[in-house]
Amino acid sequence: MGIFSKDIKTMDDLFVHTLRDIYYAEKQILKNLPKMIDKATSAELRKGFEKHMAETEGHVERVEQVFKMHGVEAKAVNCPAIDGILKEADEVAGEVDDDRVLDAALIAAAQAVEHYEMTRYGTLIAWAKELGRNDCAAVLQKNLDEEKATDEKLTNLAESRVNLKAAE
């Protein structure tokens, strides 16, 4: 079902489609985080990625909880946007020779992922509220809060250490 598919007739259909989109995205992120952990040379960055991997497992569980609460099958739909972001991250990381620059590239890639997730969760929360599903919105808000916190930690790490080292 594409975003402009005739299968999407109602706001509820759009909500479920977008929930399936973020479900796919979270699962793809889980597959890609181990590679980012392995490539990170900064111990602090590696630790941050490991923590976020555990959080992402929780995100998947919460999205599955929302599917159940909403009475629909937990199913993913392909998300070309997250596939592209992750592919670009992998390509850029593969082109960097200097470890210090690599960490800066990994942070930038991780933030692109976080920003995508934040837009999806923000939209889903707004739509859930419009659909009278404040219960679903509250569960999704937990994921959004964690994504925002991760983005902030990545910014702080980049600006306080990693970018300075990369620029040397």
Side-chain angles (χ1 to χ4, degrees), residues 1-5 8 14-67 73-125 127 139-159 161-163 165-166:
M1 171 170 24
I3 190 71
F4 298 110
S5 169
I8 298 175
L14 187 59
F15 174 77
V16 170
H17 174 81
T18 306
L19 193 62
R20 288 178 170 157
D21 175 281
I22 196 64
Y23 188 53
Y24 174 89
E26 292 287 16
K27 287 182 161 214
Q28 291 306 112
I29 293 161
L30 269 179
K31 286 182 187 175
N32 282 271
L33 270 168
K35 287 189 262 181
M36 294 179 80
I37 292 167
D38 287 344
K39 289 179 181 179
T41 62
S42 158
E44 194 173 355
L45 180 57
R46 203 170 24 259
K47 225 163 102 175
F49 284 159
E50 288 167 351
K51 180 178 186 233
H52 195 59
M53 189 161 161
E55 286 177 348
T56 302
E57 290 167 353
H59 297 167
V60 169
E61 290 171 8
R62 284 192 199 115
V63 171
E64 288 171 347
Q65 179 184 354
V66 172
F67 278 122
E73 179 186 359
K75 186 170 86 173
V77 295
N78 285 348
C79 173
I82 201 66
D83 287 339
I85 292 168
L86 292 170
K87 181 181 178 195
E88 179 183 31
D90 192 49
E91 288 174 0
V92 169
E95 295 173 5
V96 177
D97 289 331
D98 185 320
D99 286 347
R100 297 170 301 175
V101 177
L102 177 59
D103 284 344
L106 289 171
I107 288 175
Q111 287 192 289
V113 169
E114 295 307 309
H115 291 196
Y116 178 78
E117 291 174 295
M118 290 186 304
T119 64
R120 283 294 182 241
Y121 283 119
T123 296
L124 283 164
I125 291 163
W127 290 346
V139 172
L140 294 167
Q141 185 67 52
K142 293 175 186 174
N143 284 7
L144 179 59
D145 292 345
E146 287 179 359
E147 302 295 6
K148 286 180 177 180
T150 296
D151 181 56
E152 189 174 321
K153 288 173 192 166
L154 288 166
T155 295
N156 291 338
L157 180 58
E159 291 177 349
R161 290 178 198 79
V162 174
N163 291 348
K165 287 181 182 177

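Here the structure is a predicted model, which is why all the values come from computation and not from measurement.
No side-chain donor-acceptor contact under 3.5 Å links H115 and E147. For N156 and K153, the side-chain atoms include no donor-acceptor pair closer than 3.5 Å. No hydrogens or angles considered: nothing links the side chains of D103 and S42 as a donor-acceptor pair under 3.5 Å.
Between the CD atom of Q111 and the CG atom of L154 there is a distance of 5.0 Å, given to the nearest 0.5 Å. The line from NZ of K35 to CG of L86 is 8.0 Å long, rounded to the nearest 0.5 Å. Residue I107 holds its CD1 atom at 10.0 Å from CZ of R161, rounded to the nearest 0.5 Å. Atom CG of L124 and atom CG of L144 lie 10.0 Å apart (nearest 0.5 Å). Separating the SG atom in C79 from the CD1 atom in I85 is a distance of 7.5 Å, to the nearest 0.5 Å. Atom CG of L157 and atom CD of E44 lie 5.0 Å apart (nearest 0.5 Å).
Annotation for L30 and M53: closest pair CD2-O, 3.7 Å, computed over non-hydrogen atoms. Taking all atoms of both residues into account, the shortest heavy-atom contact from A93 to L106 is CB-CD2, 4.2 Å. For the pair Y116 and A25, the tightest heavy-atom approach, listed with the atom from each and the gap, is CE2-CB, 4.3 Å. Residue N163 comes nearest to A104 through the heavy atom pair OD1-CB, 3.7 Å, listed as atom of the first residue, atom of the second, then distance.
Counted within 6.0 Å of CD on E152, heavy atoms from surrounding residues, nucleotides or ligands total 12 or fewer; the atom is thus considered open. For E57, the CD atom is densely surrounded, since the number of other residues' heavy atoms within 6.0 Å is greater than 12.
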**OP:** Would you check, one step at a time, whether the test salt bridge (Lys or Arg N to Asp or Glu O under 4.0 Å) holds for K142 with E146?
**Re:** CA-CA 6 Å; K142 293 175 186 174; E146 287 179 359; over 6 Å; no
**OP:** Test side chain to side chain contact (heavy atoms under 4.5 Å, CB included) on E73 and R20 and set out the steps.
**Re:** CA-CA 9 Å; E73 179 186 359; R20 288 178 170 157; 4.0 Å; yes
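In this structure, E55 and K51 have side chains that are in contact, with non-hydrogen atoms separated by less than 4.5 Å. Using a 4.5 Å heavy-atom cutoff, the side chains of D97 and L102 are not in contact. No side-chain heavy atom of V16 sits less than 4.5 Å from a side-chain heavy atom of W127. Put simply, the side chain of H52 reaches to within 4.5 Å of the side chain of H59, judged on heavy atoms. Here the side chains of V77 and Y23 are not in contact, with every heavy-atom distance at 4.5 Å or above. Y121 is not listed as a side-chain neighbour of Q141, based on a closest heavy-atom distance of 4.5 Å or more.
Between E26 and R62 no salt bridge is recorded (no basic side-chain N to carboxylate O distance below 4.0 Å). Contact check on D21 versus R120 returns a salt bridge, with a Lys/Arg side-chain nitrogen under 4.0 Å from an Asp/Glu carboxylate oxygen. Look at K39 and D90 and you find a salt bridge, because one of the NZ, NE, NH1 or NH2 atoms lies within 4.0 Å of a carboxylate O, short of that distance. A salt bridge is absent between E50 and R46; no separation between the charged side-chain nitrogens and carboxylate oxygens falls under 4.0 Å.
With hydrogens and angles ignored, the 3.5 Å screen pairs no side-chain donor or acceptor of T18 with any backbone N or O of F15.
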